[in-house]
Participant: 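Provided herewith is a single structure, encoded as structure tokens, for subsequent inquiry.
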Amino acid sequence: MTIALYNTMSRKIEPLETIQPGRVGMYCCGPTVYNFAHIGNMRTYIFEDILRRSLEAAGYAVLHVMNITDVGHLTSDADEGEDKMILAMRREGKTAHDIADFYTDAFMRHAQALNILRPHECPRATDHIGDMIDMIRRLEEKGLAYSAGGNVYYDIARFTDYGKLAGTDRESLRAGARIEVDRNKRSPHDFALWFTQSKFEDQEMTWESPWGRGYPGWHIECSAMSMCYLGEQFDIHCGGIDHVPVHHTNEIAQSEGATGQSPWVKTWLHGEFLVTDSAKMSKSSGEFTTIDTLIERGYDPLAYRYLCLGGHYRQQLGFSYEALDGAANGLESLRRIVLNLKQKAGAPTAPAADHPRLREFQGHLADDLNMPRALATVWTTLKEPIPDSEKLGLVYAFDAIMGLDLDALEEKERAGEVPSEVMERVAKRAEARNARDWAEADRLRDEIAALGYTVKDTPDGAQVSAI
RNA sequence: GGUGGCGUACCCAAGUGGCUAAGGGAGAGGCCUGCAAAGCCUUCAUUCGGCGGUUCGAAUCCGCCCGCCACCUCCA
């Protein structure tokens, strides 16, 4: 099945054509590890995970690369503001290295909790400074970069296609609308490739370079690392929608400028924002929700994944705890159904490749990753009158892409794992019920509830589970 | 100022010219049950922000209006 995806560059849904048949090189802009990723960030990684799983299910050998940016990134794109890593160091009294390690670990933990497959490569920017320097030299050799005030800048006037991804032309950009223009720049939208003039104290993250001791600009790492792992041209580049106008625009300028080859990337995919009541979630605004926040509030992280599955990746998704509750209930219901199927059907029957429901499900994904429709197919399938083993096999096939870990579900509470004090009351209650002493039975049920368990009376006796 | 997007039931959310407007959650009624839970069955927008227009036909296209948001600093 051919997968069609919305390419930000062409603004059209196009069938995926890979550079090498059957193989996909995919680069996803990863986290800058100066703080926790919030659930809005994680939405994008969930979308990329669905993309990867869909490609793999379609038979592609995927090489998935995601950077960990542990350097650079000032608070603004002018040569001012503070380096976010430095801010974090000051805030937490740690070294840059410790900050990066801490937040990298937190990110990986959150991604794992969301069942996001780990990218095959997760290169750290600080391990590729040499590659960045090499690329800046290539840009210099081609006359696309200039030095001014101790820093090296990209000269966007020399790159005729500048802004093609965002669909903006240089004239329409409102330079200096919200920030002061760096006087070193020839054009307001030139951007720094290498800094040697640091205005900041305690700038401990610096490296030797042909331009002096300093540190890289904040777009170059993605150009350098993606090419390092995927070659000078590759298939798919993903990120959040906010990366279109600046970060990806500048990446294209650097990459195509350095290699002279175009297009650098064939397909650009961008995930829309998670929005709260009436605003996007953002790190810089201070308050934000993390996966840990959700866990503290008693939610299964996968309930959040399920919530994300319900919306299309190119559409803003409204987040509220009411919506999350709905998703948690939906996921819980799905799990119960699967658990029941498991008990009744035993072994699943793997669906034929041309099973109508499987094809329908894959067809929705092949249509620009329409996960909401695919999810509707899942529910329709569950309500169909087909054999349980077939149903279970289909659900597992669906879940290979949904990633809700449905095949790993187990009855959490078995009789043997329930404390004896609870089991004693269950037994007493059974006696009371036999004697039709409902008051005593209800009293015992309350006691059991107080101990943290619920009982369900079934034709086969009482079923006990933790609340 | 420029650019882009959004407004579908109580909530989340598909659908972008044509059979009954997906799906989930919540809610309601029923069966079952001592009660409850689970399960099962049924129900839940003559209507898609508003007003016009195009069309045999529009939630879907066009215009205007109202409301909301994003981007043009950093940001998924």
Side-chain angles (χ1 to χ4, degrees), chain A residues 11 28-32 34-35 37-48 72-78 80-84 163 166-169 171-181 189 218 238-247 270-275 277-285 288 306-334 336-337 340 364 370-380 382-383 433 436-439 441-442 445 449 454-459 462-463 465:
Chain A
R11 320 232 155 206
C28 301
C29 280
T32 304
Y34 63 91
N35 206 333
H38 56 64
I39 57 175
N41 298 123
M42 300 316 288
R43 183 193 179 194
T44 298
Y45 301 110
I46 290 169
F47 137 62
E48 290 160 354
H73 279 73
L74 305 193
T75 53
S76 95
D77 200 18
E80 60 175 88
E82 296 193 84
D83 186 297
K84 289 174 174 175
T168 54
D169 57 87
E171 287 67 33
S172 74
L173 290 170
R174 198 179 180 200
R178 292 156 74 186
I179 56 164
E180 281 205 32
V181 174
H189 286 92
W218 37 90
C238 315
I241 189 85
D242 54 314
H243 278 153
V244 173
V246 177
H247 185 56
H270 294 95
E272 254 293 355
F273 277 131
L274 182 77
V275 298
D277 288 338
S278 57
K280 69 167 186 170
M281 192 167 287
S282 77
K283 284 188 197 176
S284 47
S285 68
F288 55 88
Y306 183 89
L307 177 70
C308 291
L309 262 39
H312 191 266
Y313 78 95
R314 282 198 290 121
Q315 214 62 50
Q316 292 190 348
L317 180 66
F319 177 83
S320 64
Y321 282 101
E322 188 182 3
L324 185 59
D325 285 337
N329 287 339
L331 176 61
E332 193 49 43
S333 167
L334 189 57
R336 257 203 309 273
I337 291 168
N340 284 339
H364 290 317
N370 196 328
M371 196 65 225
R373 289 211 134 184
L375 190 56
T377 295
V378 173
W379 284 102
T380 304
L382 290 172
K383 286 186 285 192
R433 292 187 75 235
R436 306 186 75 79
D437 184 353
W438 309 127
D442 289 347
R445 182 163 57 196
T454 60
V455 282
K456 292 193 291 186
D457 298 315
T458 72
Q463 229 176 57
S465 55

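Reckoned from all heavy atoms, side chains included, excluding hydrogens, waters and symmetry mates.
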Participant: Give the rounded distance in Å between these two atoms: CG of A/Asn329 and P of B/G25.
Facilitator: 8 Å
Participant: For B/C74, give its Watson-Crick or G-U wobble partner with both distances under 3.5 Å, or none.
Facilitator: none
Participant: What's the gap between B/G67 and B/C51 when it is taken at their C1' atoms, as a whole Å value?
Facilitator: 15 Å
Participant: Which residues pass the ring pair (Phe, Tyr, Trp, His ring centres under 6.0 Å) test with A/His270, not counting sequence neighbours?
Facilitator: A/His248
Participant: In Watson-Crick or G-U wobble terms, both distances under 3.5 Å, what is the partner of B/A9?
Facilitator: none
Participant: Using the P atoms only, state how far B/G49 lies from B/C31, rounded to an integer number of Å.
Facilitator: 39 Å
Participant: Let me know the distance between CG of A/Leu382 and P of B/A22, rounded to the nearest Å.
Facilitator: 19 Å
Participant: To the nearest Å, how far apart are A/Leu375 CG and B/G24 C1'?
Facilitator: 7 Å
Participant: Remember a base hit wins even if backbone is also touched, and classify A/Phe47 as base, sugar-phosphate or nothing at under 4.0 Å, heavy atoms.
Facilitator: nothing
Participant: Using purine N1 to pyrimidine N3 plus N6-O4 or O6-N4 for Watson-Crick, or N1-O2 and O6-N3 for G-U wobble, each under 3.5 Å, what pairs with B/A14?
Facilitator: none
Participant: So how far is it from A/Thr44 OG1 to A/Asp242 CG, rounded to the nearest 0.5 Å?
Facilitator: 7.5 Å
Participant: Can you sort out the partners of A/Tyr306 under ring pair (Phe, Tyr, Trp, His ring centres under 6.0 Å), two or more places apart, ordered by chain and number?
Facilitator: none
Participant: If a pair satisfies salt bridge (charged side-chain N to carboxylate O under 4.0 Å, His left out) and one of its residues is in residues 320-329 of chain A, list it, with sequence neighbours excluded.
Facilitator: none
Participant: State the CG-CG distance between A/Asn35 and A/Asn41, to the nearest 0.5 angstrom.
Facilitator: 9.5 Å
Participant: Atom NE2 of A/His38 to atom C1' of B/C74: distance rounded to whole Å?
Facilitator: 12 Å
Participant: Could you tell me how far B/A21 sits from B/A9 if I compare only their P atoms? Round to whole Å.
Facilitator: 15 Å
Participant: Between B/C74 and B/U60, how far is it from one P atom to the other, in whole Å?
Facilitator: 36 Å
Participant: Write down the distance between OH (A/Tyr313) and C1' (B/A14), rounded to a whole number of angstrom.
Facilitator: 15 Å
Participant: How many whole angstroms separate atom CE of A/Met371 from atom P of B/A14?
Facilitator: 13 Å
Participant: Partner lookup for B/A38, please. Criteria are Watson-Crick or G-U wobble with both distances under 3.5 angstrom; report none if nothing qualifies.
Facilitator: none
Participant: Can you tell me how far C1' in B/C72 sits from the matching atom in B/G57, rounded to whole Å?
Facilitator: 41 Å
Participant: Tell which nucleotide pairs with B/A26, taking only Watson-Crick or G-U wobble pairs whose two distances are both under 3.5 angstrom.
Facilitator: none
Participant: Taking C-beta and beyond as the side chain, do A/Glu272 and A/Arg43 meet within less than 4.5 Å on heavy atoms?
Facilitator: yes
Participant: Quick check: does any side chain N or O of A/Thr380 sit under 3.5 Å from a backbone N or O of A/Ala376, one acting as donor and the other as acceptor?
Facilitator: yes
Participant: At 4.0 Å (heavy atoms only), tell me whether A/His270 reaches a base, stays on the sugar-phosphate, or touches nothing.
Facilitator: nothing
Participant: Taking atom C1' in both B/G15 and B/G24, what distance in whole Å separates the two?
Facilitator: 16 Å
Participant: When both hydrogen-bonding distances must be under 3.5 Å and the geometry is Watson-Crick or G-U wobble, what is B/A58 paired with, if anything?
Facilitator: none
Participant: What distance, rounded to whole Å, do you find between the two P atoms, one in B/A58 and one in B/G18?
Facilitator: 11 Å
Participant: By the definition side-chain contact (heavy atoms from CB on, under 4.5 Å), identify the one residue from A/Cys308, A/Pro31, A/Cys238, A/Cys28 that meets it with A/Tyr45.
Facilitator: A/Pro31
Participant: With the sugar-phosphate defined as primed atoms, P, OP1 and OP2, and the base as all remaining atoms, what B/S/- string results for nucleotides 34-41 of chain B, 5' to 3', for protein heavy atoms under 4.0 Å?
Facilitator: BBBBSS--
Participant: From the set B/G15, B/C74, B/G24, return the single nucleotide nearest to any side-chain atom of A/Asn370.
Facilitator: B/G15
Participant: Which nucleotide, if any, forms a Watson-Crick or G-U wobble pair with B/U47, using both distances under 3.5 Å?
Facilitator: none
Participant: With P as the reference atom in both, quote the distance from B/C61 to B/G5 in angstrom, rounded to an integer.
Facilitator: 11 Å
Participant: Whole-Å distance between B/A26 P and A/Asp325 CG?
Facilitator: 10 Å
Participant: Angle between ring planes, A/Tyr321 versus A/Phe319, binned at 30° and 60°: parallel, tilted or perpendicular?
Facilitator: perpendicular
Participant: Protein-nucleotides 10-13 of chain B N/O pairs closer than 3.5 Å?
Facilitator:
residue, atom, partner, partner atom, Å
B/C11, O4', A/Glu322, OE2, 3.1
B/A13, OP1, A/Gly318, N, 2.7
B/A13, O2', A/Gly310, O, 3.0

Participant: Which comes earlier along RNA chain B counting from the 5' end, the contact point of A/Gly271 or that of A/Thr377, where each point is its nearest nucleotide?
Facilitator: A/Thr377
Participant: Verify side chain to side chain contact (heavy atoms under 4.5 Å, CB included) between A/Trp379 and A/Leu334, making sure each step is shown before the conclusion.
Facilitator: CA-CA 9 Å; A/Trp379 284 102; A/Leu334 189 57; 4.2 Å; yes
Participant: Using whole Å, report how far CZ of A/Arg314 lies from P of B/A14.
Facilitator: 11 Å
Participant: Scan residues 311-320 of chain A for pairs that pass salt bridge (charged side-chain N to carboxylate O under 4.0 Å, His left out), counting only residues two or more places apart or in two chains.
Facilitator: A/Arg314-A/Asp368
